[in-house]
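Below: one structure, written as structure tokens.
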There are 2 protein chains.
Amino acid sequence: MPTIKDVAKLSGISRSTVSRVINNHPYVNDEKRMRVKQAMKELGYVPNSSAQRLRGSKTKTIAVLISRIVNPFFSGLVDAMDEVATEAGFQLILCNTRGSKERELNYLDLLRTKQVDGVVLASIENPWTTIQPYLAYGPIVSCNEYTDQSDIPSFRINHFQATYEAVTHFINSGYSNIAICTGDETIGSNLGVDREKGYLKALSDHHMTPNEAWFFKNTSSVLDGRKVLERIEAMSNRPNAIYTGSDEVAMGIIAQSKQSAIRVPSDLAVIGFDDQQLAGLITPGLTTIRQPILEMGQRTMHHMIRILTNQTKMDGNTHLLLSELIVRDTS
Amino acid sequence: MPTIKDVAKLSGISRSTVSRVINNHPYVNDEKRMRVKQAMKELGYVPNSSAQRLRGSKTKTIAVLISRIVNPFFSGLVDAMDEVATEAGFQLILCNTRGSKERELNYLDLLRTKQVDGVVLASIENPWTTIQPYLAYGPIVSCNEYTDQSDIPSFRINHFQATYEAVTHFINSGYSNIAICTGDETIGSNLGVDREKGYLKALSDHHMTPNEAWFFKNTSSVLDGRKVLERIEAMSNRPNAIYTGSDEVAMGIIAQSKQSAIRVPSDLAVIGFDDQQLAGLITPGLTTIRQPILEMGQRTMHHMIRILTNQTKMDGNTHLLLSELIVRDTS
DNA sequence: TTGTACGCGTTATCAG
DNA sequence: CTGATAACGCGTACAA
């Protein structure tokens with residue numbers, strides 16, 4: 001590989017000036033600039049990014065932490081972020097934590113070891129007290145997830161309100177026995193808590209009391225959904241509506257219902273979460289809560305880049321985006 | 001940030017020995033090793049990767065080129081690769097080419113500028129003659145896609161054969177008027193060509209002749225599928241089976257059929273491609289060709305890492321994996 | 001077994 | 001406007 005030295009030699013001009021040409025500095029004689037460019041082309045010169053990083057301590061790289069890329073919610077988010085980052089000349093390192101605290105910390109170490117300029121947290125596994133110290137090494141922005149004590153920018157919808165609206169929709173549609181599925185309990189996350197509160201508030205606002213037997217915990221996959229339906233089938237006192245908090249779980253319930261006596265939505269109404277593509281494709285069409293994934297990803301990455309380019313500073317602001325209840329056939 | 005110098009100073013030991021400890025060299029006095037480790041812990045020292053890269057010209061980073069991360073096929077592939085790479089201590093840079101030749105070349109430049117040690121091509125936009133020169137800068141391995149002239153390792157299924165089997169399945173099931181959808185025509189890709197050949201071979205082997213009107217080109221999305229069904233509906237001479245080459249297109253066809261007089265599968269049998277999760281969830285269940293995505297991703301990344309760690313050398317071998325026709329209700 | 005000294009490729013500083 | 005030089009942090013030949 002040719003280096004800046006080779007270019008200097010070939011063009012008969014000093015390294016410094018070559019460097020200036022590379023970085024588009026003013027105050028370079030036009031004729032020399034030409035000679036340098038010519039030499040660069042001739043040698044197929046390209047700056048060594050490791051050296052640039054070492055020298056300038058900027059990597060033009062951002063780490064995006066998600067729990068699992070195969071989840072359409074996350075891949076959509078990453079897609080949106082990638083577009084904005086690429087546009088601004090940044091690279092993305094994919095950090096699949098797979099729900100592991102340890103992996104999350106390993107990825108946060110990318111910030112400490114100067115391998116990335118910033119970190120976007122789209123999932124959070126560790127308690128904030130564990131993550132907070134990493135702020136000393138660079139900016140961290142969160143998206144979707146958040147924690148109470150956090151002092152970082154955050155972009156997300158209001159899960160409490162979204163759930164409240166969904167459950168209220170059930171109630172207004174005449175359903176009175178409403179069950180809820182909650183996802184995996186994660187230490188660092190508040191989303192599940194918010195949703196549960198929204199559910200309970202909607203019930204109490206309409207003078208209903210929750211039924212402990214209708215709380216299905218740790219449900220997040222299609223298979224979990226299938227199991228939920230089986231458990232409901234075995235009950236004597238069955239719910240007639242269920243807030244699943246996940247399109248996958250909702251799909252599992254619907255798929256399983258076709259092998260059972262329970263009919264969706266006549267015996268059991270269902271509301272999912274995310275409005276994944278399949279929600280509108282299946283029969284019956286799945287009523288679900290749509291998150292503005294594209295906007296969330298774009299705005300998060302945009303904000304991160306503004307921080308990295310010193311156009312704005314870190315703060316603890318929460319940026320709330322709007323969710324939308326998409327009513328189809330299952331409710 | 002503390003450097004190796006600080007560790008040396010604190011422990012009263014030379015930089016070289018500290019470096020030896022970091023890199024687990026033999027010939028280091030146990031007592032000193034301890035002292036160094038102690039000092040590292042005390043200072044929270046962590047090696048600066050940019051310096052390591054500059055010095056050693058290894059980045060421990062691999063670029064994965066795909067066309068779009070939101071495609072479940074690609075996110076599954078990336079997930080599998082990520083697992084293997086992480087395990088081996090490598091990072092993945094996500095390269096969403098979005099079907100752009102220019103972006104693909106920009107990403108290949110990561111290899112030239114020493115920002116990554118190797119490149120995995122899971123999608124190919126440019127002709128091989130354009131890509132080939134990059135081999136001078138580091139190893140390139142392909143996965144799923146391939147090109148005739150290529151001299152790089154490749155992991156994929158046999159698309160000709162998979163299609164041949166699917167179409168033969170149609171024929172053996174009594175369908176005689178078989179249509180085909182082909183994806184976006186990409187310059188660097190042979191998959192579409194292979195599939196079309198498989199389709200034609202299956203027909204001719206059973207003394208059938210293709211009908212030009214039943215070739216639906218450039219179809220790759222759910223929406224494209226919907227349009228295909230509309231076009232079929234408008235035909236006087238309709239096919240009674242269709243090979244879609246894509247679960248998305250198949251889903252579009254099925255969804256649209258519910259708003260038309262055409263019934264799936266009685267009026268129109270459908271076969272998809274990939275066996276995405278939704279294929280088994282919808283009604284009717286989608287017959288589709290399953291690719292071993294997990295295995296493909298794992299083996300590709302495993303091979304790349306073996307090359308990067310000098311356990312094996314670059315070659316032009318093709319590693320064929322087995323696909324499987326999953327017969328459900330639509331055929 | 002340990003330390004000295006050099007170089008990896010860039011860029012910023014400073015003197016001219 | 002330009003060039004010499006130092007410095008970024010690390011690894012390793014070489015000498016001891």
Side-chain angles (χ1 to χ4, degrees), chain A residues 1-37 39-40 43-61 89 109-117 137-138, chain B residues 1-37 39-40 43-61 89 109-117 137-138:
Chain A
M1 279 309 278
T3 74
I4 206 172
K5 210 171 166 181
D6 301 314
V7 177
K9 200 178 300 172
L10 179 61
S11 59
I13 295 176
S14 78
R15 286 195 308 230
S16 330
T17 301
V18 173
S19 174
R20 289 193 185 96
V21 172
I22 293 170
N23 297 288
N24 285 315
H25 273 274
Y27 306 138
V28 179
N29 181 297
D30 272 352
E31 184 252 331
K32 295 201 177 180
R33 185 187 295 274
M34 279 310 145
R35 271 187 20 224
V36 168
K37 289 205 169 179
M40 295 201 308
L43 293 169
Y45 167 81
V46 38
N48 178 311
S49 66
S50 298
Q52 289 180 316
R53 290 182 182 199
L54 177 56
R55 186 54 230 243
S57 69
K58 290 269 170 289
T59 66
K60 288 293 233 173
T61 304
D109 256 344
L110 293 175
L111 200 56
R112 207 158 64 101
T113 59
K114 305 289 181 213
Q115 300 193 62
V116 300
D117 295 337
Y137 307 113
Chain B
M1 280 306 282
T3 73
I4 207 172
K5 207 169 166 183
D6 302 314
V7 177
K9 199 178 299 172
L10 179 62
S11 61
I13 296 176
S14 80
R15 293 200 299 261
S16 359
T17 301
V18 174
S19 173
R20 290 191 185 97
V21 172
I22 294 170
N23 297 287
N24 285 315
H25 273 275
Y27 305 136
V28 178
N29 180 299
D30 272 351
E31 184 252 332
K32 295 200 176 181
R33 184 186 298 273
M34 280 310 147
R35 263 175 40 210
V36 169
K37 290 206 169 179
M40 295 202 307
L43 293 168
Y45 167 80
V46 38
N48 178 310
S49 67
S50 298
Q52 288 182 315
R53 289 182 182 199
L54 177 57
R55 185 56 231 248
S57 69
K58 290 268 170 290
T59 67
K60 288 294 231 174
T61 304
D109 255 345
L110 293 175
L111 200 55
R112 207 158 63 102
T113 58
K114 305 287 183 215
Q115 300 194 61
V116 300
D117 295 338
Y137 307 113

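All chains are named by letter (A, B, ...) in the order of the sequence lines, taking the proteins before the strands, and each is independently numbered beginning at 1.
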Checking contacts here: which listed nucleotide ([options]) is nearest the side-chain heavy atoms of [X]?
| X | options | value |
| --- | --- | --- |
| A:Ile13 | C:dG9, D:dG3, D:dG9 | D:dG3 |
| B:Leu54 | C:dT1, C:dA12, C:dC8 | C:dC8 |
| A:Ser14 | D:dG9, C:dT11, D:dG3 | D:dG3 |

Locate the shortest heavy-atom distance separating [X] from [Y]; write the atom from each residue and the value.
| X | Y | value |
| --- | --- | --- |
| B:Val28 | B:Thr17 | CG1-CG2, 4.1 Å |
| A:Thr59 | A:Arg53 | O-NH2, 3.5 Å |
| A:Arg33 | A:His25 | NH2-O, 3.1 Å |
| B:Thr61 | B:Gln115 | CB-O, 4.0 Å |
| A:Ile22 | A:Met40 | CG1-SD, 4.1 Å |

Distance check needed: [N] [atom2] versus [X] [atom1], whole Å only.
| X | N | atom1 | atom2 | answer |
| --- | --- | --- | --- | --- |
| B:Lys114 | C:dC8 | NZ | P | 15 Å |
| A:Arg15 | C:dG7 | CZ | P | 12 Å |
| B:Asn48 | D:dC8 | CG | P | 11 Å |
| A:Ile4 | C:dT11 | CD1 | C1' | 8 Å |
| A:Asn29 | D:dC1 | CG | C1' | 8 Å |
| B:His25 | C:dG3 | NE2 | C1' | 15 Å |
| A:Ile22 | C:dA12 | CD1 | P | 11 Å |
| A:Asp30 | D:dT2 | CG | C1' | 15 Å |

May I ask you to evaluate whether [X] reaches the phosphate of [N], defined as a side-chain N or O under 4.0 Å from OP1 or OP2?
| X | N | result |
| --- | --- | --- |
| A:Gln52 | C:dG9 | no |
| A:Lys58 | D:dC8 | no |
| B:Tyr45 | D:dC10 | yes |
| B:Lys32 | C:dT1 | no |
| A:Thr17 | D:dG3 | yes |

B:Arg55 vs B:Arg20, nearer the 5' end of DNA chain C by closest nucleotide
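This one resolves to B:Arg20.
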
Does A:Thr3 make a side-chain donor-acceptor contact with the base of C:dT10, cut-off 3.5 Å?
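Per atom types, no contact qualifies.
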
Please confirm whether any donor atom in the side chain of A:Ser16 sits under 3.5 Å from an acceptor in the base of D:dA4, or the reverse.
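Side chain to base: pair found, below 3.5 Å.
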
When we call it a touch if two heavy atoms are under 4.0 Å apart, what does [X] touch: a base, just sugar-phosphate, or nothing?
| X | result |
| --- | --- |
| A:Arg53 | nothing |
| A:Lys5 | nothing |
| A:Pro47 | sugar-phosphate |
| A:Val18 | nothing |

Between A:Ser19 and A:Arg15, is there a donor-acceptor pair closer than 3.5 Å when you use the side chain of the first and the backbone of the second?
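No: the side chain of A:Ser19 does not pair with the backbone of A:Arg15.
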
